[in-house]
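Take a look at the structure set out below.
Chain letters run A, B, ... following the sequence lines, proteins first and then strands; every chain starts at 1. Side chains included, hydrogens not; waters and symmetry mates left out as well; all remaining heavy atoms used.
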Number of protein chains: 2
Amino acid sequence: MVSTVLGSGAMDNPPIVTVLDRAGYRLTEPRRSLAALIAGREGHFTATELVTEARARRLGVGRATVFRTLDMLAELGAVERLDLPSGEHAYVVCEPAHHHHVVCSRCGRSDEIDDTGLRKVVREVARRTGYRVDEHRLELFGLCPACLAGQPGPTRGVA
Amino acid sequence: MVSTVLGSGAMDNPPIVTVLDRAGYRLTEPRRSLAALIAGREGHFTATELVTEARARRLGVGRATVFRTLDMLAELGAVERLDLPSGEHAYVVCEPAHHHHVVCSRCGRSDEIDDTGLRKVVREVARRTGYRVDEHRLELFGLCPACLAGQPGPTRGVA
DNA sequence: TTTACTGCAAACATTTTGCAGATGT
DNA sequence: ACATCTGCAAAATGTTTGCAGTAAA
């Protein structure tokens, strides 16, 4: 009913560079750099984090490019924009096509969930309210198995 | 399975002033003003909109107070913070207790939906992923019946 | 060669904070 | 009386834009 993709997000997805290429965008140096940075991330990340890291590594990637690229990737579905409970905007890598995520409030890890069960809920809401539902967003927050087990690891303050 | 509360949001909820009072907050003039502004709203509204309207009506309510009050109300559950698809933060009045909303992308109207069906989905995700899910958020966007019917009415640009 | 793309810096928008003074209880 | 609450103005954040130059195709 609800199937899940386990594993740390970015692991087995089509390389971001490929997604860009296939969409007809130029494979520029800044974009390659960003793709690498993003691929290297576990869990969620913010635009600002990328800006900071790019600057730290002297990759010569400007703020504007980060925002522009993230926009593109979100558009293409290679990345999804999350609204953390804290109000921050974060992104996670994901299979282009869909979806929704469970996000760990402690380490930031995220896993995709498919919306098989959700679809029914959405359909039902539409029926009951008379709305035509065009878009829906589901975000789950909690603790991932590792953090539940008390594993140390990086704490990414997700409120 | 999924029950719905129809009607334009703010209609039949405990007065905001009461919520504040019961929570032990002082019933100050600025808070009363804001409560009135919010009660007068249909559909969603942003902090900035309130600031602007308060200023237009010369209510002498400052920016900071608007943000502080909205925070309080969100905390108390009298209001819920929405993340519109555009990335904007908006608020809707709601029954303190729970909730998710369907939001009309055209007029901003919103209706509550209960999560009877959703609960099952959440539980299933938890089971499959091993996460302990502490918090979840569901937001649906589309067109309300009135807007579907081509009714004119105020268009609140929700992306 | 062409035109998409870039960094930069400035513009904008949103939210938070410090603080002296006002105000509810 | 006195702690809570306020507006203000400044600061911290977050995001977008205009533009002249750069580089991918």
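- Spacing between atom CG of A:Leu84 and atom P of D:dT13 amounts to 17 Å, rounded to whole angstrom units.
- A straight line from CD of B:Glu49 to P of C:dA13 spans 14 Å, rounded to a whole angstrom.
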Please tabulate the protein-to-nucleotide N/O contacts below 3.5 Å involving nucleotides 16-25 of chain C, giving atom names and distances.
| residue | atom | partner | partner atom | Å |
| --- | --- | --- | --- | --- |
| C:dG24 | N2 | B:Arg26 | NH2 | 3.1 |
| C:dT25 | OP1 | B:Leu27 | N | 3.0 |

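- Between the P atom of C:dT14 and the CG atom of A:Asp83 lies a distance of 15 Å, rounded to the nearest Å.
- Judged as a ring-ring contact (aromatic ring centres under 6.0 Å, His included), and not counting sequence neighbours, the contacts of A:His136 are A:His100.
- Applying the side-chain hydrogen bond (donor to acceptor under 3.5 Å, both in side chains) rule to B:Arg26 yields no partners; only residues at least two apart in sequence or on another chain are considered.
- When heavy atoms are screened at a 4.0 angstrom cut-off, B:Thr46 is found touching no nucleic acid atom at all.
- Taking side-chain N and O atoms only, B:His89 has a distance below 4.0 Å to OP1 or OP2 of C:dT15.
- Among the protein residues, B:Gly60 comes within range of the sugar-phosphate backbone only, with heavy atoms under 4.0 Å from sugar or phosphate atoms but none that close to a base.
- Atom CE of B:Met72 and atom P of D:dT4 are 13 Å apart (whole Å).
- Each side chain to side chain donor-acceptor pair (under 3.5 Å) pair with one or both residues in residues 14-23 of chain B, not counting sequence neighbours, would appear here, but there are none.
- Between the CD atom of A:Glu88 and the C1' atom of D:dT15 there is a distance of 14 Å, rounded to whole Å.
- Rounded to whole angstrom, the span from the CZ atom of A:Arg31 across to the C1' atom of D:dA25 amounts to 13 Å.
- With a 4.5 Å cut-off on side-chain heavy atoms, B:Val121 and A:Val121 count as touching.
- Considering only residues two or more places apart in sequence or on other chains, A:His101 meets the side chain to side chain contact (heavy atoms under 4.5 Å, CB included) condition with A:Glu80, A:Leu82, A:Val92, A:Cys94, A:Val103, A:Ser110, A:Glu112.
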Contacts table for residues 67-77 of chain A: side-chain donor-acceptor under 3.5 angstrom, sequence neighbours left out:
| residue | atom | partner | partner atom | Å |
| --- | --- | --- | --- | --- |
| A:Thr69 | OG1 | A:Thr65 | O | 2.7 |

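- Atom OH of B:Tyr91 and atom C1' of C:dT14 are 11 Å apart (whole Å).
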